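Quick caveat, the model's predicted, so the values are computed rather than measured. The chains referred to below are lettered A, B, ... by the order of the sequence lines, with proteins before strands, and numbering in each begins at 1.
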Amino acid sequence: MNKVTIMIQRKDSNSLVKKLHEEGLLEIERINELDISEERMHPDVEIFAKYELRISRIIDILKNYHKEKRRFFSTDFEKKKVKSKSEEEKIKEAEEILSEIENEVLTKENEIKYLDAKISELEEKLKKLEYLSIFDIDISWLKKTKYTIVRCGLCTDIEALKINDEIYFEYKKIGKKKENLWVAIIVAHSSLEKEISQIKNFEEIHIEGEGRVSEVIKKVRNEIQEKKREKKEIEEWLSNLYKERRIDLLAIKEEMQIEKERKEIYEKFWKTNYTYLIEGWCLSENAEKIEKIVEEVTDGNSYLKIEKVSRDSEKPPVHLKNPRWAKTFEMLLEFFATPRYNEINPTIFIGISIVMFFSLMLGDAGYGLVIFLFSIFAYIKFKKSEAIRSWAIVGTIVGLGNIITGLIFNSFFGDFISRYIYKDTTKLLYSANIFGIELPIDAIHKPILILSITLIIGLIHLNLGIILGIYQNIIRGRKNKIFEEHISFILLEIGAGLLIGERILHLWEIEGAILYLAIIFTIIGLIFIFKRKGPMGFFDITGFMGDWLSYSRILALGLATTGMAMTINIFGEIIPTIIPFVGFILTPIVLIIAHFANIILQSLGAGIHSLRLQYVEFFNRFYEGGGKKFIPFRIKRKYTEEIK
Amino acid sequence: MAAGEDDIKSEIIVGCMIAASITGIASAIGLAFTGVSAVAVVAEKPELFGKTLILQLLPMTQSIYGLLTAILLMMGGGLLAGGGEITPLMGKGAIFIGMIVGFTGLSAIMQGMIASSAIAGTARNPGITARGIMYAATAETMAIFGLLVAILLMTGIGFL
């Protein structure tokens, strides 16, 4: 990583910022140590922000009325080809598109709001009319005339209506069984208005208009239908407009965002009366390109300093460089933490070991085949999506890994082949002798052998961590720590390993020089560990043992997959005996569903525990993390593609 | 001899019962913890269904270990198709193997508590799901070791 300092004249700033934004080579950083004033945000930011806001509002409204089919993976992004334009031209374009549709869209949206209000008003009226329909009177009767008063309403206590013999009323129950609710109609002489208004538990229904209730209901219903139809028409119009202008709107919105971002960057500059000072970071291989850009844009009237940052510095941002296949695993590293600038990039090691651990933990050729085929399918079908494509590559590698481990450990959908095809569960998948090793290894009947393999793999993995730790301390210039932190463990592993193997496990016999060497290695190892940590060094040793034994989970999870697959097969086999006639049809269905569920569950477990072995056991030896990712000042385009 | 064999077989059944039932109860409790949180989160943010479902399912693995142990015991003890000769040690052993897997399987309850917190955390910040899964996975280690001991013992005693 190189540190870049550029001083330019203000007049050149616009064109330089534009060029840097297009090329995306420089991460611009605000440095707080200088004794000069900080530039404020460019005044044009507001202009572009306002356009972005107006366009976003129109897009949101239109999107609301456009019912798109939801696709599980939407990978086909339509891109608009745009020509390189000046700021003024972009503003003009935004203005044009907004003048064409903004007012109309807002008016149509208001119309929809008005229609919504009208529909709910009519529906409310309809509800009241439906109460009245029990009596089928003329609505115009419901008023006070010179001699009479007619009221209609909802009543929860019929007794309350019996206040005066001269008040005549009629009612009908509308509440459910135990609910007290009636529709009542009251007729009385107009002089009794006061008494009527004092009736308790009576809620009057106000309706204006004339005509018999049944006719009015019909009319209101028609009116509602009419309004709904009008609303639908407008919605369709908006939906069609969105379909037609979607890409134009999204493209111009993106252009506004790009311009806004370009203006916002001024905030990170330092200014004098006539100059700007820009500081940032670039990749070493891009230093020359930046030099050339600055030279060209400013015509040589600038000051530029690019200096290489030393490897032991912690300040610069971090850019991970990995081969294509390992790119996907960067995400898994960043889940934990981005490495510091002076730290090793362990992505490749993570990639290799995750594939290996996952293959051993799932360890079934049939399941591997399913993952492999699904990944190939996903790769072909969704190759436009970067994310799906890179995961499909991982899936393909992992699938192949599983096919290999499954064939080595005699598992193809558990014991499917031997149970259903060979009809003899003791028979192995195949029989081969490669370099004197009998294959396949019957994993479920020889777990000790598999345990030994997993522990050897664990030891290699842990020691790889130790070696990376040594390398890290060398590049950080902390060579004095290497012996205490790392080599002490290697000595202890060799010395104590030899002694334990002989004295406790009786695996081998050692004597003479090797025995003395083993004792010396053990003692030196112990001395350095206790010297560094004091009595707490004891826990360092037990911790190391714990980390090592933790790799035995590979065996447990591997056997769990095979065992569950076997259980599913046994279950499939006994279905026809439990269910007499249709049992044999059910067997394949049950097998497919259950094996599929097992693949998902066991893959989840294998994935999680593979990662755990990286994060806890492996990283413990060398990795700290806590770096800042290199994010260059670069144009991000999703809906547009610039053509020259 | 037949009666003796039946005694051994009933002991193996007890072993199966302990392994499957304790881990089953533990997983169910763990799943209840996570399920309650997941429903609460999804009620407000239905788009988090996928993420919360993965966290919700985590405590289920222990019951799979229990089921697996039970099946292996049944197979080795001649309670399912096949199986070799059975010895009195296999009967007693099956009970203890069942207990090892059952008791370590209780970790599903604690795993459920951690995963439940992770679900609540996911509701506030969906970016932390992967870390939440890692925290919850640590509690499962004990069950994995239990299963490992059980498998090694089964091999030693003659079940496998």
Side-chain angles (χ1 to χ4, degrees), chain A residues 331-332 334-337 361 414-415 419 424-426 442-451 454 546 549-571 573-574 577 597-598 600-602 604-617, chain B residues 20 47 50 53-76 79-84 101 104 111 115 127-156 158-160:
Chain A
M331 198 177 79
L332 300 178
E334 280 159 15
F335 263 153
F336 187 81
M361 284 186 203
D415 59 353
R419 188 172 293 274
D424 175 9
T425 49
T426 57
D442 189 4
I444 206 133
H445 293 109
K446 288 180 183 166
I448 305 287
L449 178 63
I450 317 283
L451 179 65
T454 58
L549 289 176
S550 189
Y551 285 85
S552 59
R553 75 183 64 227
I554 296 174
L555 161 72
L557 288 164
L559 285 190
T561 312
T562 313
M564 277 310 294
M566 200 167 71
T567 311
I568 292 165
N569 292 337
I570 294 172
F571 186 63
E573 204 177 31
I574 57 177
T577 56
N598 199 28
I600 292 169
L601 267 178
Q602 304 293 349
L604 182 68
I608 291 168
H609 288 282
S610 303
L611 270 183
R612 188 220 132 101
L613 287 176
Q614 312 298 325
Y615 293 165
V616 183
E617 278 77 17
Chain B
E47 70 278 8
L53 184 71
I54 293 175
L55 280 161
Q56 204 253 333
L57 285 178
L58 286 182
M60 207 172 93
T61 332
Q62 280 82 342
S63 65
I64 296 178
Y65 297 156
L67 177 68
L68 174 69
T69 310
I71 300 273
L72 291 177
L73 287 176
M74 282 179 222
M75 275 177 51
L79 293 166
L80 272 175
V101 174
T104 52
Q111 191 179 24
I128 65 127
T129 314
R131 281 160 216 176
I133 292 173
M134 292 311 299
Y135 287 130
T138 51
E140 201 182 302
T141 306
M142 291 77 221
I144 294 177
F145 287 163
L147 175 67
L148 188 69
V149 173
I151 288 172
L152 295 178
L153 277 174
M154 279 190 252
T155 316
F159 279 99
L160 295 177

Q) Rounded to the nearest 0.5 Å, how far does CZ of A:Arg553 lie from CG of B:Leu147? A) 12.0 Å

Q: Pick one of side chain, backbone, both or neither for A:Leu611, based on which atoms fall under 4.5 Å of a heavy atom in chain B.
A: both

(Q) Does any part of the side chain of B:Tyr65, heavy atoms only, come nearer than 4.5 Å to the side chain of A:Leu557, both counted from C-beta? (A) yes

Q. Could A:Asp415 and A:Arg419 be called an ion pair, given the rule that one side-chain N must be under 4.0 Å from one carboxylate O?
A. yes

Q. Where on A:Ile570 is there a heavy atom nearer than 4.5 Å to chain B: the side chain, the backbone, both, or neither?
A. side chain

(Q) Given heavy-atom pairs under 4.5 angstrom as the criterion, report whether the side chain, backbone, both or neither of A:Thr425 touches chain B. (A) neither

Q. Using non-hydrogen atoms only, which part of A:Leu451 is less than 4.5 Å away from chain B: side chain, backbone, both, or neither?
A. side chain

Q.
At a 4.5 Å cut-off on heavy atoms, which part of B:Met154 comes close to chain A: side chain, backbone, both, or neither?
A. neither

(Q) Within the supplied structure, the quantity of interest is the number of heavy atoms (other residues, nucleotides, ligands) at a distance under 6.0 Å from A:Phe571 CZ; does it exceed 12? (A) no

(Q) Using heavy-atom distances under 4.5 Å, tell me whether B:Ile128 contacts chain A through its side chain, its backbone, both, or neither. (A) neither

Q) Take atom CZ in B:Phe145; do more than 12 heavy atoms of anything else shown fall under 6.0 Å from it? A) yes

Q. Can you say whether B:Thr141 sits under 4.5 Å from chain A via the side chain, the backbone, both, or neither, judging by heavy atoms?
A. both

**Q.** Interchain contact, A:Leu601 with chain B, by part (heavy-atom threshold 4.5 Å)
**A.** side chain

Q: Let me know if B:Thr138 has heavy atoms under 4.5 Å from chain A in its side chain, its backbone, both or neither.
A: both

Q. Where does B:Ile64 contact chain A at under 4.5 Å (heavy atoms): side chain, backbone, both or neither?
A. both

**Q.** Which atoms of B:Ile71 approach chain A - backbone, side chain, both or neither, heavy atom under 4.5 Å
**A.** side chain

